[in-house]
Amino acid sequence: MYLDQMGMASTYDQKFFYMQALIGGNYGLLNATKFVPNPDYYGALLWHRLMGSTVLAVTKESDPNLRVYAHCAKKKPGVSLIFINLSKDRSFNITLSNAKPGDAGKPNYEFVGKQNREEYHLRALTGDIKDDIVCLNDVPMVQTDSEDIPAMDPKLVDASTPISIAAQSIAYVTIRDFEAPACV
């Protein structure tokens, strides 16, 4: 996968695309009867916390089951990516690169890859995408006894390793030492 600057800012409406394709047909962020967060709530919250307003272009090997979006990280240095794996049975291992194959010019960004990257992996608790409990990094997202949202801490991963995206899952990845001029 390769990243490049698109040079445009996303609008508020573009930020909250439909993650319901992975979760099912309930489009509300809160359960209408229990008033607790639906699985989509956690994906929307991560988008809000991690994805900045500047959109970056992504070049990837063609597979219609893997969707990839990249933005400058929100309020901090680096780049944030979201991977949406629509495949029922295929996982993906993603390796980042500085340049497109056959690109003779120097890229207008630099992927240093010395800092650990931050990963947030969302998947259904039981593996059934219609499940009403989602796991973040294998921890079920259920309200605490005081009805607070549970901690949503990233998993820190060695930046030199491929990014692993499980079947029927969403992964947010933030790379702090990915230096793109658009993200200054």
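Computed from a predicted model, the values in this text were never measured in an experiment. Side-chain atoms are counted along with the backbone in the values below, which use heavy atoms only and exclude waters and symmetry mates.
With sequence neighbours excluded, the residues that form a side-chain hydrogen bond (donor to acceptor under 3.5 Å, both in side chains) with E119 are R117, H121. Not counting sequence neighbours, R67 has no partner by the salt bridge (charged side-chain N to carboxylate O under 4.0 Å, His left out) test. With sequence neighbours excluded, no residue forms a salt bridge (charged side-chain N to carboxylate O under 4.0 Å, His left out) with D148. Residues passing the side chain to side chain contact (heavy atoms under 4.5 Å, CB included) test with P77, sequence neighbours excluded: none. For C183, the disulfide bond (SG atoms under 2.5 Å apart) partners are C72, not counting sequence neighbours. Shown here are the side-chain hydrogen bond (donor to acceptor under 3.5 Å, both in side chains) partners of T126, two or more places apart in sequence or in another chain: D131. Partners of D63 under the side-chain hydrogen bond (donor to acceptor under 3.5 Å, both in side chains) rule, at least two apart in sequence or in another chain, are R90. Residues meeting the salt bridge (charged side-chain N to carboxylate O under 4.0 Å, His left out) test with D153, sequence neighbours left out: none.
Contact detail for N137 and P154: the closest heavy-atom pair is ND2-C, 3.8 Å. When every heavy atom of L122 is checked against every heavy atom of G43, the shortest pair comes out as CD1-CA, 3.7 Å. Pairing each heavy atom of A171 with each of I165, the nearest pair is CB-CD1, 3.6 Å. The two residues M152 and Y42 make their nearest non-hydrogen contact at CE-O, 3.8 Å. When all heavy atoms are compared, the tightest approach of L125 to P140 is CD1-CG, 4.0 Å.
Side-chain heavy atoms closer than 4.5 Å link hydrophobic residues (I, L, V, M, F, W, Y) into clusters, and following such links, possibly through other members, connects Y41 to V134. The hydrophobic clustering, which links ILVMFWY residues whose side-chain heavy atoms are closer than 4.5 Å, places F178 and V157 apart. Two different hydrophobic clusters hold L46 and V142 under the rule that ILVMFWY side chains link at heavy-atom gaps under 4.5 Å. Hydrophobic clustering of Ile, Leu, Val, Met, Phe, Trp and Tyr side chains at less than 4.5 Å, counting indirect connections, keeps M141 apart from I133.
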Does the side-chain contact (heavy atoms from CB on, under 4.5 Å) test come out yes or no for M51 and Y172, once each step is laid out?
CA-CA 9 Å; M51 307 297 278; Y172 286 88; 4.2 Å; yes
Could you walk me through whether L136 and Y120 pass the side-chain contact (heavy atoms from CB on, under 4.5 Å) test, one step at a time?
CA-CA 6 Å; L136 174 64; Y120 303 82; 3.7 Å; yes
Could you go step by step and tell me if V79 and L56 meet the side-chain contact (heavy atoms from CB on, under 4.5 Å) rule?
CA-CA 9 Å; V79 171; L56 303 172; 3.7 Å; yes
Evaluation steps, side-chain contact (heavy atoms from CB on, under 4.5 Å), between I84 and Y69
CA-CA 9 Å; I84 303 172; Y69 304 90; 4.1 Å; yes
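N85 places a side-chain N or O within donor-acceptor distance of the main-chain N or O of A166, the cut-off being under 3.5 Å. Without hydrogens or angle criteria, K88 side chain to Q168 main chain gives no donor-acceptor distance under 3.5 Å. With hydrogens and angles ignored, the 3.5 Å screen pairs no side-chain donor or acceptor of H71 with any backbone N or O of S80.
Between the CG atom of N65 and the OG atom of S91 there is a distance of 12.0 Å, given to the nearest 0.5 Å. The NZ atom of K75 sits 12.0 Å away from atom CG of L50, with the distance rounded to the nearest 0.5 Å. Of the inter-residue distances, the one linking T174 atom OG1 with L81 atom CG reads 7.5 Å to the nearest 0.5 angstrom. The line from CZ of F92 to OG of S164 is 11.0 Å long, rounded to the nearest 0.5 Å.
No side-chain heavy atom of F83 sits less than 4.5 Å from a side-chain heavy atom of I170. At a threshold of 4.5 Å between non-hydrogen side-chain atoms, the residues I163 and N93 do not count as touching. Between I175 and D177 there is a side-chain heavy-atom pair separated by less than 4.5 Å.
Residues in residues 159-176 take part in these salt bridge (charged side-chain N to carboxylate O under 4.0 Å, His left out) pairs, two or more places apart or across chains: E118-R176. Identified under the disulfide bond (SG atoms under 2.5 Å apart) test for residues 141-181, with sequence neighbours left out: none. Residues in residues 132-172 take part in no disulfide bond (SG atoms under 2.5 Å apart) pair, two or more places apart or across chains. Counting only residues at least two apart or on different chains, no disulfide bond (SG atoms under 2.5 Å apart) pair has a member in residues 151-180.
With salt bridges taken as basic N to acidic carboxylate O contacts below 4.0 Å, one links D138 and R123.
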